[in-house]
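First comes the structure, then the notes that go with it.
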Amino acid sequence: MTFNIGLGVTGGIAAYKAVEVLRLLQKAGCDVTVAMTRHATEFVQPLTFRALTDRHVIVDDYDPANPDPIAHINFSQNIDLLLIVPATANIIAKFANGVADDFLSSTYLATTAPVIIAPAMNVTMWEQPATQRNVEQLRADGVHFVDPVAGELACKTVGTGKLEDVENIVSQALRLLNAKTQRGKDAKADLAGEKLLITVGGTREAIDPVRFISNHSSGKMGFALAAAAADRAASVTVVAGVTTVEPPSNVNVIRAVSAEQMHEAVMKELPSATIFVGAAAVADYAPANAADAKIKKEGRDTMTLELKKTPDILADVSRNRHDGLMVVGFAAETNDVVGYARSKMEKKGLDIVVANDITKEGAGFNTDTNIATIITHTTETELPLISKRELGDRILDEVIRLRQGQSITN
Ligand code: CTP
């Protein structure tokens, strides 16, 4: 399948790397049309892209040499993906605020294609609250980012701001396009309008600046459910602790390391959610007094750590629930699985609890499969060994079933 990609190049030193991105996309069989901002042309000549694509490179809609009188509309409607490499702080700010004062920013507003932005800039510009606000806004608007990486920057400073490797940018673009095609094939948009908020992964509770208490959670179950919901047209925000796998590309990710941070992030996002799923393995206890400096072992043969309970995020969400919020929890048990899961459902005020016996082969941490029983107040569905992705879909089916029940009784 050939993908049509709109490659937007903006004015930074890394603009020359857009040439490599173009070549890699072409090698992968994509049809690429290039648009540049005026400042980008100071770094790379449009002729370079024109020679490589055999197409007019659009910089200015109003340029008499532009063969298409309504280029920003035609360009934006004929692409499967808008990919910006590199993206300056300026173009990010324009996209975030709907400014359309040149060809590329008008194209962003006029397109319905997914957008991937690969920023590159000086570390201070990247970390500037204004830039971070704009990035957050765009993430919330559904834009995907290939975040800049740490390294030596063109300005000789060291820090985060370097363009991600071109191979990585291209592979993320292709992954998104392939996932979109797959979704198109078995499109099911039954969660359109729903806003899923989900906790994923394990938390880390600091003992001192070097050590922590944590668990074996990989984040696979939560990410699989998040991907399933996004593919079914829900808008998805993941609050992710420590994970060993990459999040899906079509969800918003907020990182939170400790139970306390995860609790804070969830409470902030909760008012706009319609479904909450607690899939994280949140540490139940954290050191009562984390040391500010590294604890030394000299003179200590034994050591006692005092632990305090962490906030129960799931229970707190349920206590603060607003009308229409569906609350789903997990119960990982080793014995009397359904009994303990049901009592968790009552205690934490859940609509659905997904119980699994972690002693069963194929149901534990770090596997791609799970064996679970989906429990509601009136039903109990025991499932065989299935993939975590399929279990995610089955849980979402149950959410929809309960929603329909709600609308019938209302
Ligand atoms: N959970 C949470 N916040 C916590 C602890 C747990 O949100 N501080 C959520 C988990 O994400 C999961 C559910 O609660 O959805 C079940 O967690 P679990 O730790 O198994 O239950 P507990 O009530 O802590 O019971 P116990 O550890 O005694 O089995």
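Computation of the quantities below employed the complete heavy-atom set of this structure, encompassing side-chain atoms and omitting hydrogens, waters and symmetry-equivalent molecules. When a ligand or atom number is given, it counts from 1 through the structure's own listing order.
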| field | Per-atom contacts of ligand 1 with T310, taking only distances under 4.0 Å to non-hydrogen atoms | value | 8 (N)
| request: Quick one: look up the protein heavy atom nearest atom 3 (N) of ligand 1 and list residue, atom name and how far away it is. | output: I313 N, 3.0 Å
| Tell me: protein heavy atom nearest atom 15 (O) of ligand 1, and distance? | G278 O, 2.6 Å
| query | About how many Å separate OG1 of T367 and CD1 of I358, when rounded to the nearest 0.5 Å? | reply | 11.0 Å
| field | Side chains of I400 and R232 in contact at under 4.5 Å (non-hydrogen atoms) | value | yes
| Purely on distance, is any nitrogen or oxygen of K344 under 3.5 Å from one on ligand 1? | yes
| note | Min over Y285, F276, F330 of heavy-atom distance to atom 13 (C) of ligand 1 lands on F330
| said: If the contact criterion is a heavy-atom separation under 4.0 Å, does K348 count as touching ligand 1? | reply: yes
| said: Any donor-acceptor pair under 3.5 Å linking the side-chain atoms of Q172 with those of N168? | reply: no
| request: Please report which non-hydrogen protein atom sits nearest to atom 24 (O) of ligand 1, along with the residue it belongs to and the distance in Å to one decimal place. | output: D284 OD1, 3.2 Å
| task | Report, in ascending order of atom number, the atoms of ligand 1 lying under 4.0 Å from any heavy atom of G329. | result | 15 (O)
| field | Plane angle bin for F95 and Y108 - parallel if under 30°, tilted between 30 and 60°, otherwise perpendicular | value | parallel
| query | So, do K388 and D368 sit near enough that their side-chain heavy atoms are less than 4.5 Å apart? | reply | no
| query | Just wondering, do T111 and F75 contact through their side chains at under 4.5 Å, heavy atoms? | reply | no
| message | Judged on heavy-atom distance to atom 8 (N) of ligand 1, which of P311, A259, A332 sits nearest? | response | P311
| atom 28 (O) of ligand 1 touched by protein (heavy atom, under 4.0 Å) | no
| field | Spacing of NE2 belonging to H39 relative to OG1 belonging to T10, to within rounding of 0.5 Å | value | 10.5 Å
| said: For a 4.5 angstrom cut-off between non-hydrogen side-chain atoms, does D284 reach K309? | reply: no
| With a cut-off of 4.0 Å, which atoms of ligand 1 are near a heavy atom of L314? | 2 (C), 7 (O), 9 (C), 13 (C), 14 (O), 15 (O)
| request: Check whether any heavy atom of A280 sits under 4.0 Å from an atom of ligand 1. | output: yes
